[in-house]
Number of protein chains: 2
Amino acid sequence: MKILIAEDEIDLQQSIATYLERDGNVCEVASDYNDAAYKVDLYEYDLILLDVNLVTGSGLDVLKKLKKDKRDAGVIIISANSSLDDKLDGLDLGADDYITKPFHLAELNSRIKAVLRRGKYGGDDTITFNEIMVDTKSRTAYINGRALSLTRKEYDLLVFFLTNQGRVLSKEIIAEHLWGDNSDLADNFDFIYVHINNLRKKMTAEGAKYIKTAYGSGYKFIAD
Amino acid sequence: MKILIAEDEIDLQQSIATYLERDGNVCEVASDYNDAAYKVDLYEYDLILLDVNLVTGSGLDVLKKLKKDKRDAGVIIISANSSLDDKLDGLDLGADDYITKPFHLAELNSRIKAVLRRGKYGGDDTITFNEIMVDTKSRTAYINGRALSLTRKEYDLLVFFLTNQGRVLSKEIIAEHLWGDNSDLADNFDFIYVHINNLRKKMTAEGAKYIKTAYGSGYKFIAD
DNA sequence: ATCATTCTTTAGATTTCCCTTAGAATCGAG
DNA sequence: CTCGATTCTAAGGGAAATCTAAAGAATGAT
């Protein structure tokens, strides 16, 4: 499942992402209203976790936008207070469920599962592209049916490419997605080269050469 | 399936009953503690939905009674609050699952199915995978017909793997399913290593090597 | 109460991976 | 073509994750 986490507390954002990714989901994060609105516009998500109190705007506006555009992502509202107003507003606007901070990740997870299971959002746990197939449940990538032995970072990188096919991804974007907004590393993303290289080696060994270098701007995943 | 609904909110009681009967189940209801204790004593149920807050007593006492009498009905605890104490008490006493009000009937239904499918109660009492066979009634696992001597945790772990074949299960997910989500221990799940190791030793001694380590992500149960 | 079994903790060994480094190769502007 | 910037590639140190055995704590049966 592809899940957007629109939450401005970086710690919470990261722990949610880690928890959900370990359960086989693909997570992207948005730290403010603009980022959330942008990503919701651009990508198809199976589920969106939406904090009502985003720094530059309200999560409820993102929800309005979603429903106006008749997008069918599931939505779970996250709120700092247990105000009934927030809850009712959110559910009125078409959210599927509601959770109040602080909460246990296990509870969030079971609500997520419930929303996803509730029908229309359920579906496929695999991502396929030509001879490549990724089973997100087992976190295993296959090429022509043969399993690749990928490390965690390599797997995450491949999934990120597969879910952003044809798009040029800069080192900075990749780093942000795979490592989170970690300002400690902000000055040097050269280690990306190593992971790209390792992933490429394992993929080309099976005949899959899809990761192209866009000199000076990044990488893109695309067939010839 | 014969299901007892021990719940004092009449509206909820009725909507659960209607929902479950539509699926072909036989439902009986109990509106207070005495009624529940009486019926549990008298009849054999496949599953019991147990509200912890019954008007004249605690649902947990019904559960204690059930377990003392070695009755094998599946039990799902219903609680009005998400108090971890209730949950842990319930699971400690032998309940099979736990759900917090308010919940969607669809979610309750899938939990019921999960409990029933788990084989223990009604339906098929065994889980098989290649040369492995688990008899959920006697809580015994066999490999090539030879019984393994498993502890409770090892048995639960094996069943959890068998019912989630191919899926990567993180230490956190495993801990949550086998121990309940206790955030106090959230920083240290290392004891999982020990149980994994013990179970592996007993299984590999019989030639069954299915528990693979997914470094950095968890474990998965899968054939080569 | 005693004993056996099981669970958790502890600590050291081992494995795996990630980031750094450094030199080679490649690209593009002039 | 030349040169600086960017990217590639291989190898190694060190950190983190996992494994393993064994001892202490809890549990349950007799």
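In what follows, chains carry the letters A, B, and so on, assigned in the order in which the sequence lines appear, proteins first and then strands, with residues in each chain numbered from 1.
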What's the CD1-P distance between B:Ile196 and C:dC7, to the nearest Å?
14 Å
Output yes when at least one side-chain N/O atom of A:Thr151 is less than 4.0 Å from OP1 or OP2 of C:dC18, else no.
yes
Looking at D:dA17, I'd like to know if its phosphate oxygens (OP1 or OP2) sit under 4.0 Å from a side-chain N or O belonging to B:Lys171.
no
So, A:Asp8 side chain and A:Ser31 main chain: donor-acceptor pair closer than 3.5 Å or not?
no
Expressed in angstrom and rounded to an integer, what is the separation of B:Ile211 atom CD1 from D:dT20 atom P?
12 Å
Give a yes/no on whether any side-chain N or O of B:Arg152 is located under 4.0 angstrom from OP1 or OP2 of D:dT27.
no
Please state how far atom NZ in B:Lys212 lies from atom C1' in D:dA17, giving the value in whole angstrom units.
19 Å
How long is the straight-line distance from NZ of B:Lys202 back to CG of B:Leu150, given to the nearest 0.5 Å?
5.5 Å
Enter the distance from B:Leu54:CG to B:Asp61:CG here, rounded to the nearest 0.5 Å.
9.5 Å
Rounded to whole angstroms, how far apart are CG on B:Leu150 and P on C:dC7?
10 Å
Using the closest heavy atom to pick a nucleotide of DNA chain C for each, name whichever of A:His195 or A:Tyr215 lands nearer the 5' end.
A:His195
Length of the CG-P vector between B:Asp156 and C:dT8, whole Å
11 Å
Can you check the A:Asn198 CG to C:dT16 C1' distance for me, whole Å?
13 Å
Indicate whether OP1 or OP2 belonging to D:dA17 is found under 4.0 Å from a side-chain N or O atom of B:Thr213.
no
Output the single nucleotide from C:dC7, D:dC19, D:dT9 whose closest atom is nearest the side chain of A:Val194.
D:dT9
Check whether any side-chain N or O of B:Asn197 sits under 4.0 Å from OP1 or OP2 of D:dC19, and answer yes or no.
no
For A:Tyr193 and C:dA22, what is the distance between atoms OH and P respectively, to the nearest whole Å?
17 Å
Send over the distance from A:Ile192 CD1 to D:dT6 P, rounded to a whole Å.
16 Å
Of A:Lys201 and A:Gly218, the one whose nearest nucleotide on DNA chain D sits closer to the 5' end is A:Gly218
Does either side chain, that of A:Tyr45 or that of A:Glu28, offer a donor lying less than 3.5 Å from an acceptor on the other one?
yes
Look at the side chain of A:Phe191 and decide which nucleotide, out of D:dA22, C:dC18, C:dC19, has an atom nearest to it.
C:dC19
Residues in side-chain contact (heavy atoms from CB on, under 4.5 Å) with B:Ser217, at least two apart?
A:Arg139, A:Arg152, B:Val168, B:Ala214
